[in-house]
Enquirer: 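Before we start, here is the structure in question, set down as structure tokens.
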Amino acid sequence: MLYAILCYNSEDVVGSWSKEEDDAVMEKLVVVTQKLAKEGRLGPVARLLPTTAATTLRKSKEPLVIDGPFAETKEQLLGFFIVECADLDEAVETAKDLARASASEGAYEIRPLAVYRPARGTP
């Protein structure tokens, strides 16, 4: 089963890292992702730009597009990994590996993915 591992942390903390600190974290993450790729378990990975670059679509009768993230949280979604895991236990262990690679606090949300495969000919 595919699991999304969503990485949350304070943008202020991560944004304050020096280039050397950021590079060190990224090098540690590369070690984890290379292992997952070698095992054939790694799907898409993305590091998101800061929330200042975000746009939010609020659902209502008339959809409203707003500059900014407007999340009700002190931590922001910084990026995600899509990883093939046999079960939730393996997904949790994978998230622990990723968390150890980070130099700060934060959270890793683990969610199973429902893979949508459209019927042939469907756009």
Side-chain angles (χ1 to χ4, degrees):
M1 172 169 266
L2 289 175
Y3 286 85
I5 301 175
L6 310 174
C7 310
Y8 289 87
N9 205 332
S10 167
E11 285 182 345
D12 292 338
V13 170
V14 174
S16 70
W17 291 345
S18 67
K19 179 174 179 353
E20 292 78 20
E21 290 170 314
D22 190 68
D23 288 348
V25 169
M26 296 310 290
E27 286 176 25
K28 290 176 187 175
L29 288 172
V30 165
V31 171
V32 176
T33 57
Q34 284 178 341
K35 176 181 173 265
L36 293 168
K38 186 176 178 181
E39 294 169 354
R41 298 176 44 219
L42 185 65
V45 174
R47 186 175 192 183
L48 301 176
L49 293 176
T51 55
T52 54
T55 300
T56 299
L57 172 68
R58 291 276 178 209
K59 290 173 57 175
S60 62
K61 189 171 186 171
E62 290 295 322
L64 177 63
V65 177
I66 306 166
D67 289 340
F70 299 105
E72 299 294 329
T73 181
K74 67 179 183 174
E75 296 174 336
Q76 293 79 41
L77 175 62
L78 300 182
F80 62 88
F81 298 81
I82 305 296
V83 181
E84 178 71 35
C85 297
D87 54 28
L88 179 58
D89 291 337
E90 186 176 26
V92 169
E93 288 307 311
T94 301
K96 286 179 183 178
D97 290 341
L98 294 167
R100 281 189 285 274
S102 180
S104 64
E105 299 294 321
Y108 291 79
E109 180 180 346
I110 301 163
R111 286 194 188 179
L113 294 181
V115 179
Y116 172 70
R117 289 185 173 80
R120 290 188 88 145
T122 304

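On a predicted model such as this, the values are computed, not experimentally measured, just so you know.
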Enquirer: With a 4.5 Å limit on heavy-atom distance, are the side chains of Leu29 and Arg47 in contact?
Expert: no
Enquirer: Nearest 0.5 Å, what's the CG-CD distance between Asp87 and Glu90?
Expert: 6.5 Å
Enquirer: With sequence neighbours left out, write down each residue that passes side-chain hydrogen bond (donor to acceptor under 3.5 Å, both in side chains) with Lys38, or none if nothing qualifies.
Expert: none
Enquirer: Search all heavy atoms of Ile82 against all heavy atoms of Ala4 and return the closest pair with its distance.
Expert: CD1-CB, 3.8 Å
Enquirer: CZ/Arg41 to NZ/Lys35 distance, rounded to the nearest 0.5 angstrom?
Expert: 6.0 Å
Enquirer: Can you confirm whether Val14 sits close enough to Glu11 that some side-chain heavy atom of one is under 4.5 Å from a side-chain heavy atom of the other?
Expert: no
Enquirer: Can you name the closest pair of heavy atoms from Ser102 and Tyr108 and give their distance?
Expert: CB-OH, 3.5 Å
Enquirer: Quick one: are Cys7 and Leu98 in side-chain contact, heavy atoms under 4.5 Å?
Expert: no
Enquirer: Are Leu48 and Leu6 connected into the same hydrophobic cluster when the rule is that any two of I, L, V, M, F, W, Y join if their side-chain heavy atoms are below 4.5 Å apart?
Expert: yes
Enquirer: Same cluster or not: are Val25 and Val30 linked, directly or through other Ile, Leu, Val, Met, Phe, Trp or Tyr residues, by side-chain heavy atoms under 4.5 angstrom apart?
Expert: no
Enquirer: Measure the CD1-CZ distance between Ile110 and Phe81 for me, rounded to the nearest 0.5 Å.
Expert: 12.0 Å
Enquirer: side-chain hydrogen bond (donor to acceptor under 3.5 Å, both in side chains) with Glu93: which residues, sequence neighbours excluded?
Expert: Lys96
Enquirer: Can you measure from OG1 (Thr94) to CG (Leu88) and round to the nearest 0.5 angstrom?
Expert: 10.5 Å
Enquirer: Any idea which heavy atoms bring Ile5 and Ala91 closest together, and the distance?
Expert: CD1-O, 4.0 Å
Enquirer: Determine, using the 4.5 Å side-chain heavy-atom cutoff (strictly less than), whether Leu36 and Val45 are members of one ILVMFWY cluster.
Expert: yes
Enquirer: Does Glu109 have any side-chain hydrogen bond (donor to acceptor under 3.5 Å, both in side chains) partners at least two apart in sequence or in another chain, and if so, which?
Expert: Tyr8, Arg111
Enquirer: So that I can tick it off, tell me whether Asp22 and Lys19 are bridged by a salt bridge, with the cut-off set at under 4.0 angstrom between side-chain N and carboxylate O.
Expert: no
Enquirer: Where the side chain of Ser16 meets the backbone of Val13, is there a donor-acceptor pair that is under 3.5 Å apart?
Expert: yes
Enquirer: Which distance, rounded to the nearest 0.5 Å, do you find between the CE of Met1 and the CG of Leu113?
Expert: 8.5 Å
